[in-house]
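Below, chain A is the first sequence line, B the second, and so on; all start at residue 1.
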Amino acid sequence: MNRREDLQNSRQQQRNESPRPAVSSDQPIVTTSSADTSAAELSSLLSSCASPSPLKQVHAQLLTHGLHHNPRLLSLAALAYLSFGRLRPARLIFGAIPAPSAYLWNLVIRAHSTRGQFHHALRLYSSMLGSGVLPDKFAFPFALKACAGLSDLRWGRLVHQHSICVGCGRDLFIDSALVDMYAKCGHVADARVVFDNMWQRDLVSWTAMIAGYAHNGYCAEALDFFWLMRQSGVQANRVGLLSVLLACSRLGAVKRGEWFHNFAIQTGYESDLQVSTAVIDMYAKCGSLDLARKVFDLTEGKDVICWSAMIASYGVHGFGRDAIYIFKKMVEEGVEPNEVTFTSIISACSHAGLLEEGQGYFNLMKIVYGIEPGLNHYACMVDLLGRAGKLTEAEALIQTMPVKPDVSLWGSLLGACRIYGNIDVGERIADLIFELSPSHSGYYVLLSNIYAAKSRWNDVERVRELMSKKKVNKVQGISLIEFDNRIHKFGVGDRSHPQTDSIYAYLGKLSVRMKQMGYVPLTDFVLHDIEDEMKEAALFYHSERLAIAFGLINMSPCSPIRITKNLRICGDCHNATKLISKIENRIIIIRDMNRFHHFGDGFCSCADYW
DNA sequence: TTAGGGTTAG
């Protein structure tokens with residue numbers, strides 16, 4: 001039953017009447033004279049409107065017959081507008097009802113909350129309290145949904161307290177909504193406290209917790225909870241699957257992702273378009289682009305999100321031409337691209353160095369599809385121009401674009417200055433960036449790299465001092481590799497892994513062979529990314545190299561080594577991995593924070609353009 | 001009348 005039918009039935013139940021035949025827009029309302037139009041007739045007409053058009057006519061009759069003070073008719077009119085998603089007229093009519101029932105308050109709040117009108121939903125909730133109506137167990141989930149939608153923790157906590165005050169402290173629906181609210185506000189620990197204290201849990205409460213973990217980056221916990229849920233006898237549905245697929249994609253855990261894909265096939269959820277899209281995204285983000293494409297080709301009734309996922313996948317792997325092919329095919333099949341599709345296709349062009357094509361899509365978006373470029377699109381364009389060496393054009397675009405640029409846009413340009421060794425522009429932009437975002441370590445590192453590449457060590461030292469003065473904390477570099485159903489994590493110079501001795505011994509041997517092949521450490525990158533990675537001796541023990549050695553030791557020779565890194569791969573590791581792929585005759589796929597690098601036979605798919 | 005969800009730059 002959909003929302004509209006739901007609400008119409010509610011109205012009928014409330015009146016305790018049998019359903020009447022609906023009045024459609026094709027059936028003109030029988031106009032009656034003001035004398036013989038009774039409240040009962042209008043009530044009947046309001047309940048049977050099947051579309052907004054006859055509803056407006058009945059509403060007009062209600063006003064012209066002077067019945068606009070009749071609370072029962074007003075309630076019915078408000079409900080009728082709500083059922084068609086016409087929130088504004090519903091709100092206006094609702095405001096004229098002298099003392100709405102708690103039931104009516106709940107429905108009005110629910111309608112706003114479920115349609116994403118979170119501010120209005122909370123304002124209504126607040127007005128309900130102000131009018132002296134106590135919220136009941138049906139009101140809280142709607143109000144909490146609004147708090148979750150706004151990530152408004154202050155209001156969320158307040159509603160939580162209200163629920164306890166009115167004696168709704170142990171309600172399955174409210175508790176699940178609380179888990180969701182705390183998770184969406186980024187307070188996963190609080191969500192977990194609510195979850196742990198629940199006296200009973202069902203599929204939705206488990207799923208809310210799993211989704212909360214996955215969306216907040218606690219991916220291992222999300223997967224653990226999936227198993228705990230199964231152990232507790234609750235079978236996952238499509239929503240839970242979406243969350244664990246997201247977790248796998250973030251971890252780069254392809255084996256686990258495959259398991260969930262099989263689970264989807266066995267349970268029939270594979271035919272669900274959202275699940276298929278999540279599977280495609282998972283395979284692509286785990287480095288298995290071929291599998292992503294296979295699932296994509298088998299997916300029927302693809303919508304714009306599914307097409308966009310495939311375009312984004314090709315883009316992040318550096319296969320811009322394939323992304324363009326998919327885009328064209330999508331349009332041929334009559335699916336209209338949206339603003340996300342354009343973000344993805346322009347980004348795909350950027351990663352592949354397709355300057356003209358990217359500019360073409362930017363224009364196509366505006367001229368043909370009438371989509372106003374947003375911050376994301378401008379960011380992609382700055383990246384596209386910057387990577388192509390068009391620094392002046394990129395800067396001019398930032399300065400002339402109608403959207404206010406954020407720091408990441410300038411950061412993108414700073415990245416281009418690093419690639420092209422442009423100190424003048426780089427310094428100027430860096431000053432601006434440090435003012436806007438004084439604690440983001442990545443931008444200091446970028447500037448430091450620009451100086452280091454020109455051997456301006458005094459300036460490098462100055463940047464280090466600046467970081468120290470501003471107490472900028474660096475993000476620790478972490479690499480993940482999945483093996484034997486586990487995610488193995490490595491930090492820089494990490495010695496905590498049980499196989500540490502063999503990993504370091506392997507790297508030692510590898511180093512000799514690499515040097516024989518002419519490997520010279522890129523000392524410019526000694527200063528890249530991580531404080532601990534600044535020492536030359538540590539170059540060889542960057543997290544991704546430890547993960548590669550672990551993969552080489554443990555994984556069968558024919559299987560590719562897939563690594564996920566939380567920072568951008570440094571130039572030295574990039575060179576080293578190319579060599580390692582040749583020496584070991586292995587495919588090594590590294591996903592860094594920006595894109596994929598497929599290493600094989602001494603080359604990288606990014607063609608050193610990243 | 002109540003709760004959980006797929007694509008997006010750097």
Quiz: residues 307-314 of chain A side-chain donor-acceptor pairs under 3.5 angstrom, not counting sequence neighbours:
{"residue": "Ser308(A)", "atom": "OG", "partner": "Val304(A)", "partner atom": "O", "Å": "2.6"}
{"residue": "Ser308(A)", "atom": "OG", "partner": "Thr341(A)", "partner atom": "OG1", "Å": "2.9"}
{"residue": "Ser313(A)", "atom": "OG", "partner": "Ala309(A)", "partner atom": "O", "Å": "2.7"}
{"residue": "Tyr314(A)", "atom": "OH", "partner": "Arg293(A)", "partner atom": "NH1", "Å": "2.9"}

Exercise. Are OP1 or OP2 of dG10(B) and a side-chain N or O of His351(A) less than 4.0 angstrom apart?
Worked result: yes
Exercise. Is it true that a side-chain atom of Asp180(A) and a backbone atom of Ala208(A) form a donor plus acceptor pair closer than 3.5 Å?
Worked result: no
Exercise. Which part of the nucleic acid, if any, lies within contact of Asp175(A), taking any heavy atom under 4.0 Å across all strands shown: a base, the sugar-phosphate backbone alone, or nothing?
Worked result: nothing
Exercise. To the nearest angstrom, how far is His440(A) atom NE2 from dG10(B) atom C1'?
Worked result: 8 Å
For this session: Ignoring the backbone of Asp136(A), work out which of dG6(B), dT8(B), dT1(B) is nearest its side chain.
Result: dT1(B)
Problem set entry | Sugar-phosphate only, base, or nothing, as touched by Ile174(A) at under 4.0 Å among non-hydrogen atoms | nothing
Exercise. What is the distance, rounded to the nearest whole Å, between atom CG of Asn237(A) and atom C1' of dA3(B)?
Worked result: 12 Å
Exercise. Heavy atoms under 4.0 Å, any strand shown: does Asp180(A) hit a base, just sugar-phosphate, or nothing?
Worked result: sugar-phosphate
Problem set entry | Contact under 4.0 Å: Lys145(A) side-chain N or O vs dG4(B) OP1/OP2 | yes
Exercise. Between Lys145(A) and Phe118(A), is NZ or CZ placed under 6.0 angstrom from the six-membered ring centre and within 45° of the ring axis?
Worked result: no
For this session: Count the heavy atoms belonging to other residues, nucleotides or ligands that lie under 6.0 Å from OH of Tyr369(A), then report whether that count exceeds 12.
Result: yes
Problem set entry | Per Thr277(A) side chain, nearest of listed nucleotides dA3(B), dG5(B), dT7(B) | dT7(B)
Exercise. Is the shortest side-chain N/O distance from His377(A) to OP1 or OP2 of dG10(B) below 4.0 Å?
Worked result: no
For this session: With the side chain of Ala278(A) defined as its heavy atoms from C-beta on, choose the nearest nucleotide among dG10(B), dG4(B), dG6(B).
Result: dG6(B)
Exercise. What is the nucleic acid contact for His215(A), judged by heavy atoms within less than 4.0 Å: base, sugar-phosphate only, or nothing?
Worked result: sugar-phosphate
Exercise. Just to confirm, is there a sub-4.0 Å distance from OP1 or OP2 of dG10(B) to any side-chain nitrogen or oxygen of Arg387(A)?
Worked result: yes
For this session: Starting at atom CG of Leu414(A), determine the distance to atom P of dA9(B), rounded to an integer number of angstrom.
Result: 19 Å
For this session: Report the distance from atom CG of Leu144(A) to atom P of dA3(B), rounded to the nearest whole Å.
Result: 11 Å
For this session: Ignoring backbone atoms, test whether Lys285(A) places a side-chain nitrogen or oxygen under 4.0 Å from the OP1 or OP2 oxygen of dT8(B).
Result: yes
For this session: Give the nucleotide from the list dA3(B), dT7(B), dT1(B) with an atom nearest to the side chain of Leu172(A).
Result: dA3(B)
For this session: Measure from the side chain of Asn338(A), starting at C-beta and using heavy atoms only, and say which of dG4(B), dA3(B), dT7(B) lies closest.
Result: dT7(B)
For this session: Pick base, sugar-phosphate or nothing for Leu178(A), based on heavy-atom distances below 4.0 Å to the nucleic acid.
Result: nothing
For this session: Under 4.0 Å between any heavy atoms, over every strand shown, what does Arg595(A) touch: base, sugar-phosphate, or nothing? Just pick one.
Result: nothing
For this session: Would you kindly check whether a donor in the side chain of Ser205(A) faces an acceptor in the base of dA3(B), or vice versa, at under 3.5 angstrom?
Result: no
Exercise. Considering only side-chain heavy atoms of Ser243(A), which listed nucleotide, dG6(B), dA3(B), dG5(B), is closest?
Worked result: dG5(B)
Seminar exercise, completed: Among dA3(B), dT8(B), dG5(B), the one nearest any side-chain atom of Leu242(A) is dG5(B)
Seminar exercise, completed: Testing dG4(B), dG10(B), dA3(B) for proximity to the side chain of Asp383(A), the answer is dG10(B)
For this session: For dG5(B), take OP1 and OP2 only and decide whether either is under 4.0 Å from a side-chain N or O of Lys184(A).
Result: yes
Exercise. Once you round it to whole Å, what is the distance between C1' of dT8(B) and CD1 of Ile311(A)?
Worked result: 12 Å
For this session: Could you state the atom-to-atom distance from CG of Asp272(A) to P of dT7(B) in whole Å?
Result: 13 Å
Exercise. Nearest-Å distance, CD1 (Ile371(A)) to C1' (dT7(B))?
Worked result: 14 Å
For this session: Mind calculating the distance between CG (Leu203(A)) and C1' (dG5(B)) to the nearest angstrom?
Result: 12 Å
Exercise. Does Arg568(A) pair with Asp592(A) as a salt bridge, N-O distance under 4.0 Å?
Worked result: no
Problem set entry | Selected nucleotide, minimal atom distance to Thr207(A) side chain, candidates dG6(B), dA3(B), dG4(B) | dG4(B)
Exercise. Which residues pass the side chain to side chain contact (heavy atoms under 4.5 Å, CB included) test with His162(A), sequence neighbours left out?
Worked result: Tyr125(A), Leu129(A), Phe140(A), Leu158(A)
Problem set entry | Sugar-phosphate only, base, or nothing, as touched by Asn376(A) at under 4.0 Å among non-hydrogen atoms | base
Exercise. Any side-chain heavy atom of Cys417(A) sitting closer than 4.5 Å to one from Ile429(A)?
Worked result: yes
Problem set entry | Base of dG10(B) paired with side chain of Ser412(A) (donor-acceptor, under 3.5 Å) | no
